[in-house]
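Remarks on the structure that follows.
Throughout, protein chains are lettered first and strands after them, A, B, ... in sequence-line order, and every chain is numbered starting at 1.
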Amino acid sequence: MNLESTIGSLVAQVIDSLYGLKLDASQIQLQKTKREFEGELTVVIFPFVKAARKSPEQTGQEIGEFLLKHNPIVSGFNVIKGFLNLSISQSYWLETLKEIHSTVDYGKTTAKEDAETMMIEYSSPNTNKPLHLGHIRNNLLGYSISEIQKANGWKVVKTNIVNDRGIHICKSMLAWKLFGNAETPESTGMKGDHLVGKYYVVFDKAYKAEIAELMGKGATEEEAKKTAPLILEAQKMLLAWENDDKEVRQLWEMMNAWVYAGFDVTYKQLGVDFDKIYYESETYLDGKEKVEEGLANGVLYRREDGSVWADLTADGLDEKLLLRSDGTSVYMTQDIGTAKLRYDDYNIKKMVYVVGNEQDYHFKVLSIVLDKLGFEWGKDLVHFSYGMVELPEGKMKSREGTVVDADDLMTEMIDTARETSQELGKLDNCTPEEIERIARMVGLGSLKYFMLKVDPRKSMTFNPKESIDFNGNTGPFIQYTHARIKSVLRKAKDQGIDFSTISDINLTISEKESYLVQLLTEFPSIIKLAGEEFSPALVANYIYDLVKEYNQFYHDFSILKEENLQLKQFRLVLSESVAAIIKTGMGLLGIEVPERM
RNA sequence: GGUUUCGUAGUUCAAUGGAUAGAACAAGUGUUUCCUAAACACUAGAUCUGGGUUCGAUUCCCAGCGAGACCA
C-alpha cells in the first residue's frame with residue numbers, strides 16, 4: 001500500500017468518526033506539500049469544514065492530532081489556512097527506498113499471460129516522399145505510447161499501415177518514367193525514398209507549367225487542373241494499376257521497394273519498429289467488400305450517380321462518402337478494410353490510431369461507420385490525436401520548400417552532439433565507435449526529448465534555425481546526470497563499497513534526500529497516468545523534475561567522501577535508484593542513456 | 001459560414017479547482033585545489049478581454065477578440 005492510500009483511508013476514518021462525514025479514501029484531496037512549507041504530504045481541509053462546523057484551521061488541527069497519535073508514519077504536522085501539512089518519518093522513507101532499490105523494473109507492470117491486447121497504429125506514411133518532421137512526432141509518440149502501455153501490463157502490437165497505392169505514387173512513377181533517365185538509388189547514391197520524392201516534385205513542377213500554359217490559352221484554373229495532360233496520364237496509370245497492368249505494376253513495385261529500403265533506414269535511425277505492417281494495396285479491396293455488405297444490409301445507401309454514402313445525420317454529423325461513383329475507394333474505405341483484417345489477425349481489445357488532429361473528424365466518422373457495419377469494437381477505438389508541428393512562420397509547406405526532412409534533421413542533431421562532445425573534451429579516451437555511439441544517443445536523445453516533453457494534444461513550434469538545446473530541460477541534461485551517477489557508482493565499486501542495500505534504517509537524512517525518495521515513490525503512478533492519458537510528456541516532465549532535484553543533491557552533498565559509512569551507503573543506493581528510474585523512464589520515451597558522456 | 005482545438009515571461013514549454021502561477025532558453029552575475037561545470041546558485045520578467053459558478057478559477061460555464069484545423 002502506498003503512502004497516499006494509507007494516509008487517505010486514515011483521514012477518511014478520522015472525518016467519519018469526528019464529523020460523521022463518510023467519504024471514500026479516493027475522495028480525500030492529497031497533494032505533495034509545496035516546497036516553502038514544512039512537511040511532505042498535504043491534506044486539503046476545505047471540503048470538510050462544512051461538516052466539521054469549525055474553522056479550517058481548527059479542523060486541520062484536530063485531524064492532524066489524530067493522525068499523529070494513530071500512525072507512526074506521521075511524525076509531525078502543521079496547519080496553514082486550510083492545508084494540513086504532514087511530516088513523514090525518516091525511517092518510512094528509508095524503508096521505502098530499500099524496497100524500491102530491490103525491485104526489478106520498478107514502476108513497470110509486466111504483462112501477464114492472459115493480458116489483453118492493444119494494437120497501436122502509427123507512422124502510416126505515403127510512399128511518394130520521405131518522412132519529415134511531422135512524421136517524427138508521430139513515430140516518437142507511437143513508439144513511446146506503446147512502451148508506456150506495455151509498462152502498464154498490456155500486450156502491445158505495434159502496427160503500420162503503408163499507403164502504397166493511389167494517385168500520389170502514380171505521379172512519382174509517371175515523372176520518373178518521363179524524365180527519370182532510368183535513375184536508380186544505386187546510380188545516384190540517393191536514398192530510395194528521397195529519389196522517389198524528387199520525382200514527385202518533378203511531377204508537380206511540370207504539372208504546374210502545363211496548368212499555366214492552359215490558363216494562358218484562356219482556360220480557367222479549375223479546367224486547367226482537370227485537363228492538363230500529365231494529370232490525365234497519371235489517372236490513366238492509376239486505372240491501369242487497378243486493372244493489374246503488368247508494366248505499371250512492375251514499375252510500382254520497383255519504386256515502392258526503393259522507398260521501403262529508405263524508410264527502413266529512417267526507422268532504424270529513429271529507433272522505432274513495428275510488429276506487423278499492413279499495406280493499403282492489400283486491404284482496400286476488403287474495405288470495398290465490407291461497404292458492399294453494408295449496402296446490402298441497408299446500413300449504407302447508393303446515390304443515383306452510383307456513389308455509396310453513410311448517413312450520419314442522426315449522430316449529429318453529415319453524410320459521408322465511402323465509394324466514389326466510379327467505384328474507387330476513399331481513405332475511409334481503406335480504414336474499414338484494414339480494421340477488418342487486423343481483427344481477424346489478432347484478438348484485439350483496444351485499437352489505437354496515432355494520427356494528427358487534422359483527422360479528428362475522420363476518426364469520429366470511422367468510429368460510427370465501423371459500429372454501423374457491425375464491428376462491436378468500432379465505438380471504442382481510440383484516436384490518439386496529436387497536434388501539428390509548426391515552424392515559426394506556420395505550417396510546413398512542401399511547395400515552399402519549408403519541409404524539414406527527417407533524415408537531415410537526425411544527422412544534424414548527431415553531428416552537433418559529436419562536436420559538442422569534442423569541444424568539451426569529454427570523450428578523449430574513447431574509441432571512435434564509442435564516440436559515435438554516444439553522439440548518436442545524445443543527438444537523438446535531444447531530438448526525441450524535445451518532441452516528447454510537450455503535451456501531445458497541443459501543437460508545437462520547432463525552429464530549425466535555432467538548433468535544439470543540450471542544456472536545461474533537455475534530453476542530454478538527463479543523460480548527463482545518468483552518466484554522472486554511473487561514474488560515481490563505478491568508483492564506489494572500485495573502492496569495494498557495498499551498496500547492495502541499506503543496513504541502517506535509523507539514519508538521519510536531510511530534507512533533500514527524503515524529498516528525492518518521495519519523488520521516486522511517484523514513478524509508478526506517473527506511468528499509470530501516462531498510459532491512461534496517452535501522454536509521454538508526463539513521463540518526460542517527471543524525469544526532468546527528478547533529475548533537477550538530484551543534481552542539486554549531487555552538488556550540495558558528497559557521496560564518496562562522506563565519512564559516515566552508513567550514510568555513504570544510503571546515498572549510493574539512492575543514486576543507483578535514481579539512475580535506474582532515469583533509465584526506465586527514458587526507455588519509455590525511446591531514449592537511450594549512456595554510461596558516460 | 002458551420003464544427004472543433006488552442007491563447008501563460010522576449011522565446012519554447014509546465015501547473016487532478018487549491019497556498020506566493022513552475023522550468024528552460026535568451027539577458028546579467030557568481031561557483032572548479034572537492035564524486036563529470038552538458039552542472040549548481042543568484043537577479044529581472046507572464047495567465048488575451050469582459051462577465052458568471054465557487055470558500056478558492058490559468059483550469060469549469062457564457063460572450064467577445066485572436067490563431068490553427070476540419071467540413072463545405
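Remark: the backbone N or O of A:Trp309 is not paired with any side-chain donor or acceptor of A:Lys320 at under 3.5 angstrom. A:Thr402 places a side-chain N or O within 3.5 Å of a backbone atom of A:Lys397 that can act as its donor or acceptor partner.
Consecutive pairing runs in RNA chain B reach the stem threshold at B:1-7 with B:65-71, B:10-13 with B:22-25, B:27-31 with B:39-43, B:48-52 with B:60-64, where a stem means at least three Watson-Crick or G-U wobble pairs with distances under 3.5 Å.
Summarising the geometry, the separation between CD on A:Gln31 and P on B:G17 is reported as 12 Å, rounded to the nearest angstrom.
Side chain of A:Glu358, nearest nucleotide from B:A69, B:G18, B:C40: B:A69. Comparing B:U20, B:A38, B:C35 against the side chain of A:Lys81 picks out B:U20 as the nearest. The side chain of A:Ile559 lies closest to B:C35 when the candidates are B:A19, B:C35, B:G18.
Annotation: B:G28 and B:G64 have their P atoms spaced 45 Å apart (nearest Å). A distance of about 36 Å separates the C1' atoms of B:U43 and B:G50, rounded to the whole Å. When the C1' atom is compared between B:U11 and B:U54, the two are found 35 Å apart, to the nearest whole Å. Comparing the C1' positions of B:C55 and B:A37 gives a spacing of 48 Å, expressed to the nearest Å. A distance of about 16 Å separates the P atoms of B:A14 and B:A24, rounded to the whole Å. Using atom P as the reference point in both B:U16 and B:U59, the two lie 13 Å apart (nearest Å).
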Just distance, no hydrogens or angles: give the donor-acceptor pairs under 3.5 Å from side chains in residues 525-543 of chain A, sequence neighbours left out.
| from | atom 1 | to | atom 2 | distance (Å) |
| --- | --- | --- | --- | --- |
| A:Ser525 | OG | A:Glu522 | O | 2.9 |
| A:Asn541 | ND2 | A:Ala537 | O | 3.2 |
| A:Tyr542 | OH | A:Leu519 | O | 2.7 |

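For A:Lys225, the NZ atom is loosely surrounded, since the number of other residues' heavy atoms within 6.0 Å does not exceed 12. The local environment of NZ in A:Lys50 is sparse, with at most 12 non-hydrogen atoms from other residues, nucleotides or ligands closer than 6.0 Å.
At a cut-off of 3.5 angstrom, the base of B:A19 holds at least one donor-acceptor pair with the side chain of A:Asn85. Residue-to-nucleotide contacts include a donor-acceptor pair under 3.5 Å from the side chain of A:Ser421 to the base of B:A38.
The side chain of A:Asn471 places no N or O atom within less than 4.0 Å of a non-bridging phosphate oxygen (OP1 or OP2) of B:A38. The side chain of A:Gln29 places no N or O atom within less than 4.0 Å of a non-bridging phosphate oxygen (OP1 or OP2) of B:U16.
The ring of A:Tyr122 has its center no closer than 6.0 angstrom to the ring center of A:Tyr143.
Between A:Tyr544 and A:Thr42, the residue anchored nearer the 5' end of RNA chain B, judged by the nucleotide with its closest heavy atom, is A:Thr42. Each of A:Arg490 and A:Lys395 has a nearest nucleotide on RNA chain B; the 5'-most of these lies closest to A:Arg490.
Stacking of the aromatic ring of A:Phe46 onto the base of B:G18 is found: the ring centres lie under 5.5 Å apart and the planes are inclined by under 30°. Taking the 5.5 Å centre cut-off and the 30° plane limit, the aromatic side chain of A:Tyr554 is not classed as stacked on B:A39. The aromatic ring of A:Phe83 does not sit over the base of B:G18; the criterion of centres under 5.5 Å apart with planes under 30° is not met.
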